[in-house]
Amino acid sequence: MSAPIPPAAVAPVAASQPVEIRAPRLRLRPRPMAVVGAVMLLAVILLAAVPPLLPWFAPFDQDLSSALRAPFADAAHPLGTDALGRDLLSRVALASSVTLGIAFAIVAMNALIGTTIGVLAGYFGGRIESLVSVASNVTLAMPVVLLLIAICAVLRPSAGLTIVVLGCTWWVGYARVTRNVASALRRQDFVVAPLTQGGDAVWVLTRHVLPNVWPHTLIIAATDIATIVLIESSLEYLGLGVQPPVPSWGSMIFDGQKYLATAPWIALIPGLVMFLAVAGVQFLSQQFTAEGRGALLRRGGMR
């Protein structure tokens, strides 16, 4: 006959202690093209951040005696000068900070607005979801770019106006995707269980729903950054974005196209920087593509 188990060896069970079911977390592993994109984007960010800290940073100073100087021909102007003798490195650095700042501000506004609306509509459903659906259809019916051009034609074009218009009208994609994700998550055990134990909706949304929604938001944001950069540069090319004397990629390309035969670097350098930014963002977004996430899900990631 087996010996009896001593009472001390039996762990007491607290029947009233709530058991928390945690949502599984998505573990991301670097992908080769994502690393390449990160390097390209980091190069553009460093170009925007480092030159303004140097003592010779002068994007507005004119020197006609140094006009149209080729790149690497003068140590004082590593990337050459434009038709007014302004240092191209300084101007491209300032233009990079201006364009990227506008693009990130617009994407951040859209991601915040769209994700908030989508999560609330998907989790609560009912009238909230119906109102969001109507608002999404109305917003999609508006030609955003034409609306921005019309507003800029009536009001004074500025970076703030571009941020407000695009930042309040580009949220539909975020809302629709996150609404579908939140609607599917609200039926999962790790979302339902805390509610049965007395947890409130805010706690469930912040601890269990949002951590599983943000990868989808990053996918859209990565694509939107490149799109917003191209749209914003196109508006600047047309003279409807950032106004002179502040440089921007679009305005620099517009000014440099007149000198393509004699000084092509004036337009090619800002165009190359814009390509690095857009391509870098696209490559980096591969970290969050459906294929990459599908491989992680098969390894036991998010359900």
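Because the structure is predicted, anything quoted here is derived from the model rather than measured. In what follows, every heavy atom counts, from backbone to side chain, and hydrogens, waters and symmetry copies are set aside.
- Expressed to the nearest 0.5 Å, how far OG1 of T81 lies from CG of L64 amounts to 10.0 Å.
- Cluster partners of L112 are absent, since no Ile, Leu, Val, Met, Phe, Trp or Tyr has side-chain heavy atoms less than 4.5 Å from it.
- Residue pairs meeting the salt bridge (charged side-chain N to carboxylate O under 4.0 Å, His left out) criterion with at least one partner in residues 77-97, sequence neighbours excluded, are D82-R86, D82-R91.
- For the side-chain hydrogen bond (donor to acceptor under 3.5 Å, both in side chains) test, no residue two or more places apart in sequence or in another chain qualifies with W171.
- Transitive grouping of hydrophobic side chains (ILVMFWY, heavy atoms separated by less than 4.5 Å) brings L47 and I45 into a common cluster.
- To the nearest 0.5 angstrom, W214 atom CH2 is 9.5 Å from I219 atom CD1.
- In terms of modelled atom types and a separation under 3.5 Å, the side chain of N110 and the main chain of W170 share a donor-acceptor contact.
- In the hydrophobic clustering, L268 connects to no other residue, as no ILVMFWY side-chain heavy atoms lie under 4.5 Å from its own.
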Donor-acceptor pairs are to be reported for all side-chain atoms of residues 132-156 against protein atoms at under 3.5 Å, with residues two or more places apart or in another chain.
from, atom 1, to, atom 2, distance (Å)
S136, OG, V132, O, 2.8
N137, OD1, R176, NH2, 2.8
N137, ND2, S133, O, 3.2
T139, OG1, A135, O, 2.8

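- We find the CG-OG1 distance between L218 and T223 to be 11.0 Å, quoted to the nearest 0.5 Å.
- Listed by first and then second residue, the ring-ring contact (aromatic ring centres under 6.0 Å, His included) pairs involving residues 232-286 are Y237-F254 (not counting sequence neighbours).
- G122 and R186 get closest at one heavy-atom pair: O-NH1, 3.2 Å.
- Taking each heavy atom of L89 and P78 in turn, the nearest pair found is CD2-CG, 4.1 Å.
- In the hydrophobic clustering of this structure, V164 does not group with V246; members are Ile, Leu, Val, Met, Phe, Trp, Tyr whose side-chain heavy atoms approach within less than 4.5 Å, directly or through other members.
- Looking at I253 and M274, their side chains come closer than 4.5 Å, going by heavy atoms from C-beta outward.
- Between A95 and S248, the shortest heavy-atom distance links the atoms CB-CA, 3.5 Å.
- L238 is connected to V98 through a chain of hydrophobic side-chain contacts under 4.5 Å among Ile, Leu, Val, Met, Phe, Trp and Tyr, so both are in one cluster.
- Paired with Y123 under the rule side chain to side chain contact (heavy atoms under 4.5 Å, CB included), one option of I128, L205, V181 passes, and it is L205.
- At distances below 3.5 Å, not a single donor-acceptor pair connects side-chain atoms of S251 with backbone N or O atoms of P247.
- Q243 is linked by a side-chain hydrogen bond (donor to acceptor under 3.5 Å, both in side chains) to nothing, counting only residues two or more places apart in sequence or in another chain.
- Among residues at least two apart or in separate chains, there is no ring-ring contact (aromatic ring centres under 6.0 Å, His included) pair with a member in residues 55-112.
- T115 meets the side-chain hydrogen bond (donor to acceptor under 3.5 Å, both in side chains) test with T217; sequence neighbours excluded.
- Legend: side-chain hydrogen bond (donor to acceptor under 3.5 Å, both in side chains) pairs involving residues 57-73, not counting sequence neighbours, sorted by first then second residue: D63-S65, D63-S66, R69-D74.
- For the atom pair CE (M252) and OG (S233), the distance works out to 11.5 Å, reported to the nearest 0.5 Å.
- Under the 4.5 Å side-chain heavy-atom criterion for ILVMFWY residues, a single connected hydrophobic cluster contains both V44 and L272.
- Within the structure, the salt bridge (charged side-chain N to carboxylate O under 4.0 Å, His left out) test picks out no pair touching residues 273-282 (sequence neighbours left out).
- Atom CG of residue L120 and atom OG1 of residue T178 lie 9.0 Å apart, to the nearest 0.5 angstrom.
- The two residues I266 and L88 come nearest to each other via the heavy atoms CA-CD1, 4.1 Å.
- The closest donor-acceptor contact from the side chain of S97 to the backbone of L94 lies under 3.5 Å.
- V281 and A222 make their closest contact through CG1-O, 2.7 Å (heavy atoms, listed as atom of the first residue, atom of the second, distance).
- In this structure, G167 and I106 approach most closely via the heavy-atom pair N-CG2, 4.0 Å.
- In the hydrophobic clustering, L131 connects to no other residue, as no ILVMFWY side-chain heavy atoms lie under 4.5 Å from its own.
- Distance check, rounded to the nearest 0.5 Å: CD1 of I225 to CD1 of I220 gives 12.5 Å.
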